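Below you'll find the structure, written out as structure tokens, and then a few comments.
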Amino acid sequence: MTARADRLAELLAERELDALVVSDLVNVRYLTGYTGSNGVAIVGRDLRVFITDFRYVEQAERQVQGFELRQGRLDLLGDAAKLLGGRVGFEDQHLTVRQHERLSDSAPGGVELVASGGLVERLRAVKDEDELRRIREAAEIADDVYEHIVSRGLVGRSEREVAVDLEHQMRLRGAEGPSFDSIVASGPHGALPHAEPRPEPIARGTLVTIDIGCRVDGYCSDCTRTFATGEIPDEMRAVYDLVRSAQEEALAAVRAGAECKAVDAVARGRIEAAGHGERFGHGLGHGVGLEVHEGPRLAASAEGRLEAGNVVTVEPGVYLPGEFGVRIEDLVVVTEDGPEILSRFPKSLIAVGE
Ligand code: ZN
Ligand code: ZN
């Protein structure tokens, strides 16, 4: 934890900031270890202060490392502001207009507030070994849950029942819970990338897309597999094979130094060449860590290059409205030599019956 605040202090020096007020709770957790619901951290060159209210003082004493602890009132930004001096950054993408007002009203004269969002997020994009260990574990649990689904069957159960079952299985296997609302989408419903599970039973002879992730010590996993429920029409199989090859080709392009948009282009080019370019409406992937969607992004519009230690998804999909959809998603760690693939569940088309 201390190393993280030190790296942040280096970034602040580059931006000529004397301090950063960190108010986003995910960023606060990343820097301090605190998991409560009210806390603010201030980081400067030699400044490490964490403020929380009376409800969380005991918890903070247990969790927070490397920061001086202070108790504030319920509204912490006013208390934080009084400690500031010089050029001070704040997280503009997380602060409300009212919170910004409170910060500027309570700050001593001469304090210059500078919109500086994204600094902690930049650090978070590159994972350390501690973080990777938790993400690997979360990915393993998701793999086990897919095994469970295959043995338990899909046909005749409702999408909702399957979703409830698999979230229960995650918890039994040691996850804190799902990292997002599980997607179980069969038949034409599978054409909606963010489909909500319905009470309807899953039919035989179609495709079912199951997108799940779980959380271990705050860290997320994210994985999608598409299953067949018995014999399926040739068109479904052809789209499945297309998405699978696009996914595997894009995976092979993942390595430190690769341009984020170039990796997206590998999968997109393959799907476009097959005439389904219009049916792949989302980016290829996203970073995963304390949040299930974080940096870096793999998309046609994404700037920047992958770095060793990034954890990203590779998840092309083809969605044919009113008919069916296919998505295949792996979670990978970016290394100098290529991807370390954390999602181990097979990607061959598996038929799951009753
Ligand atoms: Zn997913
Ligand atoms: Zn995803």
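Given the structure is predicted, the values throughout are model-derived calculations rather than measurements.
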| request: Could you tell me whether the side chain of Gln71 and the main chain of Asp53 form a donor-acceptor pair under 3.5 Å? | output: no
| With distance as the sole test, does Glu249 use its side chain to make a donor-acceptor pair with the main-chain N or O of Ala246 at under 3.5 Å? | no
| task | State whether the side chain of Asp143 and the backbone N or O of Arg344 hold a donor-acceptor pair below 3.5 Å, judged by distance alone. | result | yes
| query | Cluster question for you: counting only ILVMFWY and a side-chain heavy-atom cut-off of under 4.5 Å, with indirect links fine, are Leu47 and Leu12 together? | reply | no
| said: Tell me every residue that passes ring-ring contact (aromatic ring centres under 6.0 Å, His included) with His293, counting only those two or more places apart in sequence or in another chain. | reply: His286
| message | Using only atom types and a distance under 3.5 Å, with no angle test, would you say the side chain of Arg327 pairs donor to acceptor with the backbone of Tyr319? | response | no
| field | SB check Arg136 Glu340 (cutoff 4.0 Å) | value | yes
| Judged by atom type as modelled, is there a donor-acceptor pair below 3.5 Å linking the side chain of Thr229 to the main-chain atoms of Val352? | no
| query | Between the side chains of Ser343 and Tyr146, does any donor sit under 3.5 Å from an acceptor? | reply | no
| Residues Glu248, Arg244: salt bridge by 4.0 Å N-O rule | yes
| field | Same apolar cluster: Val26 and Leu119, side chain cutoff 4.5 Å | value | yes
| With a cut-off of 6.0 Å (strictly less than), are more than 12 heavy atoms of other residues, nucleotides or ligands near CD of Glu278? | no
| Would a distance-only check, ignoring hydrogens and angles, find a side-chain to backbone donor-acceptor pair under 3.5 Å from Glu329 to Asp211? | no
| Are Val332 and Leu342 connected in the hydrophobic side-chain network, where two residues link if heavy atoms are under 4.5 Å apart? | no
| message | Looking at Glu272 and Arg268, is any side-chain nitrogen of the basic one under 4.0 Å from a carboxylate oxygen of the acidic one? | response | no
| field | N-O pairing of Lys127 and Glu294 below 4.0 Å | value | yes
| Cluster question for you: counting only ILVMFWY and a side-chain heavy-atom cut-off of under 4.5 Å, with indirect links fine, are Leu154 and Val145 together? | yes
| Test: Lys347 and Asp330 ion pair at under 4.0 Å | yes
| field | From CA spacing to verdict: side chain to side chain contact (heavy atoms under 4.5 Å, CB included), Val263, Leu251 | value | CA-CA 8 Å; Val263 180; Leu251 270 183; over 6 Å; no
| message | Cation-pi check for Tyr30 against Arg4: NZ or CZ below 6.0 Å from the six-membered ring centre and within 45 degrees of the axis, yes or no? | response | yes
| request: Test side chain to side chain donor-acceptor pair (under 3.5 Å) on Thr35 and Gln59 and set out the steps. | output: CA-CA 9 Å; Thr35 61; Gln59 180 179 346; 3.1 Å; yes
| message | Just checking Arg204: does its CZ atom have more than 12 heavy atoms from other residues, nucleotides or ligands closer to it than 6.0 angstrom? | response | no
| Looking only at atom types and distance, does a side-chain atom of Ser179 sit under 3.5 Å from a main-chain N or O of Ser221, one as donor and one as acceptor? | yes
| So does His168 have more than 12 non-hydrogen atoms from other groups sitting under 6.0 Å from NE2? | no
| task | Tell me, with the steps shown, if Cys220 and Val288 meet side chain to side chain contact (heavy atoms under 4.5 Å, CB included). | result | CA-CA 6 Å; Cys220 303; Val288 174; 3.8 Å; yes
| Does a salt bridge link Asp6 with Arg48, judged by any charged N lying under 4.0 Å from a carboxylate O? | yes
| Partner residues of Phe50 under the ring-ring contact (aromatic ring centres under 6.0 Å, His included) criterion, sequence neighbours left out | Tyr34
| request: Begin with the C-alpha distance, continue with both residues' side-chain angles, and end with the deciding distance and a verdict on side chain to side chain contact (heavy atoms under 4.5 Å, CB included) for Leu320 and Arg279. | output: CA-CA 6 Å; Leu320 303 176; Arg279 305 300 184 202; 3.6 Å; yes
| side-chain hydrogen bond (donor to acceptor under 3.5 Å, both in side chains) partners for Arg305, two or more places apart | none
| said: Please check if the number of heavy atoms outside Asp105 that lie under 6.0 Å from its CG is greater than 12. | reply: yes
| Arg55, CZ: over 12 other non-hydrogen atoms inside 6.0 angstrom | yes
| message | I'd like to know if the side chain of Glu159 reaches the main chain of Ser186, judged simply by a donor and an acceptor atom lying under 3.5 Å from each other, with no hydrogens or angles considered. | response | yes
| query | Hey, are Arg102 and Asp75 close enough for a salt bridge, meaning a charged N less than 4.0 Å from a carboxylate O? | reply | yes
| request: Start with the C-alpha gap between Arg133 and Asp130, add the side-chain angles, then the distance that decides, and say whether salt bridge (Lys or Arg N to Asp or Glu O under 4.0 Å) holds. | output: CA-CA 5 Å; Arg133 189 167 40 76; Asp130 258 7; 3.1 Å; yes
| request: Using atom types as modelled and distance alone, determine if a side-chain donor or acceptor of Arg70 lies under 3.5 Å from a backbone N or O of Thr52. | output: no
| CZ/Arg237: more than 12 non-hydrogen atoms of other groups inside 6.0 Å | no
| said: Quick test of your reading of the model: are Asp165 and Arg157 salt-bridged, counting only N-O distances below 4.0 Å? | reply: yes
| query | Are the side chain of Thr313 and the backbone N or O of Glu315 linked by a donor-acceptor pair below 3.5 Å? | reply | no
| query | Hey, any chance Val184 and Ile350 share a hydrophobic cluster, counting ILVMFWY side chains that come within less than 4.5 Å of each other, even indirectly? | reply | yes
| said: So that I can tick it off, tell me whether Arg124 and Glu131 are bridged by a salt bridge, with the cut-off set at under 4.0 angstrom between side-chain N and carboxylate O. | reply: no
| said: Using a strict threshold of under 4.0 Å (side-chain N to carboxylate O), is an ion pair present between Arg87 and Glu16? | reply: no
